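Shown next, in structure tokens, is the structure this report addresses.
Every value quoted in this text rests on a predicted model; they were computed, and no experiment measured them. Starting from 1, each residue takes its place in the sequence as its number. In listed order, ligands and their atoms are each counted from 1.
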Amino acid sequence: MADRRKLAAGNWKMNGTAAALSEVSALAGLRRGTTCEILLCPPTTLIERMARATEGTNIAVGGQDCHWAENGAHTGDVSAEMLKDAGATYVITGHSERRADHGESDEMVRRKTEAAWAAGLAVILCVGETLSEREASNTIDIIKGQLAGSVPDQATGHNLVVAYEPVWAIGTGKVPSTDQIGEVHDVIRVQLEKRFGPGVGRSVRLLYGGSVKPANAAEIFAVENVDGALVGGASLKAPDFDGIIKALDA
Ligand code: PGA
């Protein structure tokens, strides 16, 4: 099996002002010895300050979205180069909240991912089915379609991480069974191997996301092809995120 470094990624969504930076120093103190990669994706307004606060620690900083254009007349948007300039090394693309709230299509997610790579950022690209898609037994087709439509051709194990986030599990406290997680992660792995060859396909890290908590993390991380987690709510408080990283380290 490819040697994939575990990744614990926190997505703060639209949460946090300067006061929340105390959670970052607390986390840095708690997880000094970890062998996992730790990433926090705060709101854009905090990226630069968080990047400064994490200097010399093992915590990396990322954005939650970027525009596909390098610059120009896109009021309110942020380019990948701007995120990089502020201190980000990663960006999330295709999060279901962006797909739903901003009508982002696979094509848009693909273009955003390409822009991020052009700026030198690694990407956590999200895929996942809604509850009605799962209930209609369409999960696997949806995931395959999202991968085919939103992952660009230049993917490598360094520039791409794929996060499987069932929409119905995000922020709801509902988590798929370990069999359901394993089934989708295996499909993602096989799709990546088919398209990019076994070398690249096996080196891309796959995260599970959706209501990951310290209490359920160990069980989820034991699933084959789960290389870490994309964590929303439980990444906002250092002790909670610490508990998840501890489970990943074990
Ligand atoms: P949650 O969010 O951990 O709060 O469910 C996960 C995500 O949306 O990335």
Side-chain angles (χ1 to χ4, degrees), residues 6-16 20 23-24 27 36-44 46-47 50 59-66 83 88 90-104 109 112-113 116 121-131 133-134 139 142-143 146-147 150 160-178 180-181 184-185 188 205-221 223 226-248:
K6 307 276 184 209
L7 172 60
N11 172 11
W12 279 16
K13 308 190 180 185
M14 201 173 71
N15 296 292
E23 296 298 329
V24 183
L27 183 69
C36 301
E37 189 176 358
I38 304 175
L39 170 70
L40 285 175
C41 300
T44 311
L46 280 184
I47 289 178
M50 192 182 280
I59 302 174
V61 179
Q64 299 174 9
D65 172 54
C66 65
L83 296 178
Y90 276 87
V91 63
I92 298 169
T93 61
H95 191 282
S96 60
E97 285 153 16
R98 296 221 45 104
R99 290 179 187 260
D101 296 355
H102 300 271
E104 289 191 9
V109 175
K112 285 171 181 239
T113 303
L121 298 175
V123 169
I124 298 181
L125 191 154
C126 303
V127 295
E129 82 286 2
T130 61
L131 186 58
E133 287 163 347
R134 177 161 284 276
T139 299
I142 292 291
I143 301 298
Q146 289 175 339
L147 287 174
S150 54
L160 180 70
V161 175
V162 175
Y164 168 53
E165 297 205 311
V167 179
W168 51 275
I170 294 176
T172 58
K174 288 190 196 133
V175 181
S177 69
T178 50
Q180 288 173 323
I181 295 173
V184 175
H185 279 241
I188 297 172
R205 290 171 294 175
L206 308 185
L207 308 183
Y208 168 76
S211 299
V212 179
K213 306 272 181 285
N216 60 22
E219 194 188 2
I220 294 168
F221 295 149
V223 177
V226 174
D227 304 309
L230 180 55
V231 184
S235 71
L236 293 170
K237 294 283 170 225
D240 291 340
F241 200 35
D242 178 56
I244 292 168
I245 301 165
K246 214 183 269 167
L248 196 55

contact_flag K213 ligand 1 heavy-atom lt 4.0 Å: no
pair T113-S150: side-chain heavy atoms closer than 4.5 Å: no
Note, L236 side chain near E23 side chain (heavy atom, < 4.5 Å): no
Validation row: T178, E219 side chains within 4.5 angstrom (heavy atoms): yes
Numbered atoms of ligand 1 (with element) below 4.0 Å of G210, judged on heavy atoms: 5 (O)
Nearest neighbour in protein (non-hydrogen) for atom 4 (O) of ligand 1: G233 N, 2.9 Å
Positive for side chain to side chain contact (heavy atoms under 4.5 Å, CB included) with V127, one of V109, I142, V162: V162
Which segment of I170 sits under 4.0 Å of ligand 1 when only heavy atoms are counted: both
4.0 Å heavy-atom contact, A234 with ligand 1: no
For S211, atoms of ligand 1 separated by under 4.0 Å from a heavy atom: 1 (P), 3 (O), 5 (O)
contact_flag G209 ligand 1 heavy-atom lt 4.0 Å: no
Protein heavy-atom partner closest to atom 7 (C) of ligand 1 - residue, atom, separation in Å: E165 OE2, 3.1 Å
Any donor-acceptor pair under 3.5 Å from E37 side chain to K6 backbone: no
Close side-chain approach of H185 and V223, heavy atoms under 4.5 Å: no
Side-chain heavy atoms of Q180 within contact of T139, under 4.5 Å: no
Nitrogen or oxygen of E97 less than 3.5 angstrom from that of ligand 1: no
Protein contact of atom 2 (O) of ligand 1 - nearest heavy atom, named by residue and atom, plus distance: K13 NZ, 3.2 Å
Atom 3 (O) of ligand 1: the protein heavy-atom neighbour that sits closest, reported with distance to 0.1 Å: G232 N, 2.8 Å
Heavy-atom side-chain proximity of V61 to V24 below 4.5 angstrom: no
For N11, atoms of ligand 1 separated by under 4.0 Å from a heavy atom: 9 (O)
